There are 2 protein chains.
Amino acid sequence: MKDVAARAGVGLKTVSRVVNGEEGVSADTEHRVREAITALGFRRNDSARTLRKGRTASIGLVLEDLADPFYAPLSRAVEEVARAHGALLINGSSAEDPDRERELVLALCARRVDGLIIIPAGDDHRYLTPEIEAGVAISFVDRAPGLIDADVVLSDSFEGAREGTAHLIAHGHRRIGFVGDQPQIQTAAERLRGYRTAMAEAGLPVDGSWVSLGPTNPERVRAETVRLLSGPEPVTALFAGNNRVTVTVVRVLAAQTRGVALVGFDDFELADLLSPPVTVVAQDPAQLGRSAAELLFRRLEGVDDPPRQLALPTRLIARGSGELPPEV
Amino acid sequence: MKDVAARAGVGLKTVSRVVNGEEGVSADTEHRVREAITALGFRRNDSARTLRKGRTASIGLVLEDLADPFYAPLSRAVEEVARAHGALLINGSSAEDPDRERELVLALCARRVDGLIIIPAGDDHRYLTPEIEAGVAISFVDRAPGLIDADVVLSDSFEGAREGTAHLIAHGHRRIGFVGDQPQIQTAAERLRGYRTAMAEAGLPVDGSWVSLGPTNPERVRAETVRLLSGPEPVTALFAGNNRVTVTVVRVLAAQTRGVALVGFDDFELADLLSPPVTVVAQDPAQLGRSAAELLFRRLEGVDDPPRQLALPTRLIARGSGELPPEV
DNA sequence: CTGAAAGCGCTTACAG
DNA sequence: CTGAAAGCGCTTACAG
């Protein structure tokens, strides 16, 4: 910039004015400056700008796994909102590891992102308190933060699971299995609670062996599904706690001769083309991302109400697998 | 940092040393500095660091759409390599719009990312020349850059499409349709060339009406697929040019009474659970991302050979749909 | 309409 | 083992 100023025979401030399209530069001067800029191949250094202005026009998004089909549209929606506000998006995957989440979040804070959207892996977010006090805006999405208060956007997991389970009950099922994610994940716990509530509301007992929570890797889910389907009194229907569980369960059921009803939490591509087509309790991942990003930019614009908690409704999509009658 | 130094009664440089874990600070001094840091809630500002060091430890990835199941694992793989090199990843979607690509890339350069991985939307990348001269490392992936020379990692689209088409021919098909992406996209053109080559090698004519290139939105693909399947001499098999095309074609075929063979470029989740299971020419998106990132970090470490061009092999996965016999 | 000076928060090169 | 000075490339606040 110094070089540009020298070559154009003007002051630094004038170059700055031209670069930023500010008022108050004569056409002639502007012309000389632009010429110098192209001649010298000048490119403004936003790091310097950032340092001076205090804002970086970037936000961070920490999620579990960018490659998960559930998070990809969420991330894309956040990106669109950021773009509308002139901000760039820095993405990071926590791999469901609380330490990695923390490390990533703090790295993002050290870069002075203006705001942060977090899908929590951990359940203690007190490490964020100094950052929040220093002025970083934060909103959580998909799961609530632990031990701190902040904006959060969730799907209504409880209500969705309750509705899905009630749907199976309405189609005649009495022995319904639940295969879900690890119990310390709030959404997993909420979905289990929804399942239990629906069963209780129908006056049905829940045998402890029908419920299986744990990591959602295919091996475990497969083994547990097989277990639920065997024995003298196997379940006649399954509720799958998330998209990855559903996909594995579908694979197991495809190998079964007996028809087993299935409702899965989360919609997924091609669910309607499987046989039977898979009935799901759908979330709207893009809307989750959009809402969280909008809450964030509200804060960035200075809104200072108490933290908000948004619960987006889920939607039951009946396609066939959830309407299968009990069969033993 | 100034405040920390004052409170600890040391010089700025000593604080810097402690923060960066450098040698040559007595245990006692270090202790005082750390105390001041926590007392004051000091958080190093990486923008300032960046300004001074010249490196930002961040790279940019510009792709078409983060939410596309093909790009999500690619992006994740890039993130992992970046992480291994201590760098953060800034993602941006070009939405297949050359202007938006350019805008994003230049914004990333203004932020002084150390390097850039680009999945080109446009076909003229001369706008990058000043950036490259200024020292930004760039590698392209999935498609080659236009009018400049740079590292690039591709799948072997030509060979993959040739093999997939030959597979259909080997199963008795003579009238094979090709539904692909817009012809100005290099990979689309290469895949078409592979198809034509396989047909020519088998001595089969290609009727102009069998080939349909254009946007891959469901409406167009659906209409074109229906067109190819109607008339007095319909095709008995289809080659689908990418994952999105394949999915739409599958939907159309599901509504057909006649069996139509299908080979799709790109693998996709649940392809094996459809009926019939879908035969595909699989790419390895994660490997594409990993290779491109590794080329990039080689450059960042100072390697200065001529640009490299890597073509990763594709893999034909026969699952059923591609082995269906011709049926009229 | 234009510019000189100070400063954003660090690191570098040097001296002690 | 420790620190003062200069500087990275911009913008801010001010003066003319």
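Keep in mind that this is a model prediction, so the values were computed, not measured. The chains referred to below are lettered A, B, ... by the order of the sequence lines, with proteins before strands, and numbering in each begins at 1.
- Look at B:R298 and B:D305 and you find a salt bridge, because one of the NZ, NE, NH1 or NH2 atoms lies within 4.0 Å of a carboxylate O, short of that distance.
- If you take CZ of A:R52 and P of C:dA5, they are 16 Å apart, rounded to a whole angstrom.
- Inspection of the A:H125 and A:E131 side chains reveals no N or O donor paired with an N or O acceptor under 3.5 Å.
- A salt bridge links A:E64 and A:R244; the closest N-O separation between the charged side-chain nitrogens and carboxylate oxygens is under 4.0 Å.
- Taking atom CD1 on A:I37 and atom P on D:dC10, their separation rounds to 10 Å, with Å as the unit.
- Regarding A:D3, its CG atom lies at a distance of 14 Å from the C1' atom of D:dC10, rounded to whole Å.
- Side-chain atoms of A:S155 and A:Q283 form a donor-acceptor pair, as typed in the model, at a separation below 3.5 Å.
- As judged by a 4.0 angstrom heavy-atom cut-off over every strand, B:R43 is placed among residues touching the sugar-phosphate backbone only.
- Rounded to whole Å, atom P of C:dT11 lies 9 Å from atom CG of B:D46.
- Looking at B:T129, B:D124, B:D123 one by one, the single match for side chain to side chain contact (heavy atoms under 4.5 Å, CB included) with B:L147 turns out to be B:D124.
- With respect to the salt-bridge test (charged N to carboxylate O, under 4.0 angstrom), the residues B:E80 and B:R76 qualify.
- Rounded to an integer number of Å, the gap from B:K13 NZ to C:dC14 P is 13 Å.
- Of the candidates D:dT11, D:dG9, D:dC1, the closest approach to any side-chain atom of B:S26 belongs to D:dC1.
- Paired runs in DNA chain D that reach 3 or more consecutive Watson-Crick or G-U pairs, where each pair keeps both distances under 3.5 Å, cover C:1-3 with D:14-16, C:5-12 with D:5-12, C:14-16 with D:1-3.
- As judged by a 4.0 angstrom heavy-atom cut-off over every strand, B:T29 is placed among residues touching the sugar-phosphate backbone only.
- A side-chain donor-acceptor contact under 3.5 Å links B:N91 and B:S75.
- If you take NZ of A:K53 and C1' of D:dT12, they are 10 Å apart, rounded to a whole angstrom.
- No hydrogens or angles were tested; on distance alone, a donor-acceptor pair under 3.5 Å links the side chain of A:R17 to the base of C:dG3.
- The side chain of A:S16 contributes an N or O atom lying less than 4.0 Å from OP1 or OP2 of D:dT11.
- Checked against C:dC8, D:dG3, C:dG3, the side chain of A:V10 finds its nearest nucleotide in C:dG3.
- Regarding contacts with the backbone of C:dT2, every side-chain N or O of A:T14 stays at 4.0 angstrom or more from both OP1 and OP2.
- The side chain of A:N45 places no N or O atom within less than 4.0 Å of a non-bridging phosphate oxygen (OP1 or OP2) of D:dC8.
- Taking atom CD of residue B:E22 and atom P of nucleotide C:dT11, one finds them 8 Å apart after rounding to whole Å.
- Atoms CZ (A:R44) and P (D:dC10) sit 8 Å apart, rounded to a whole Å.
- If B:E30 and B:L51 are placed on DNA chain D by their nearest nucleotide, the residue sitting closer to the 5' end is B:E30.
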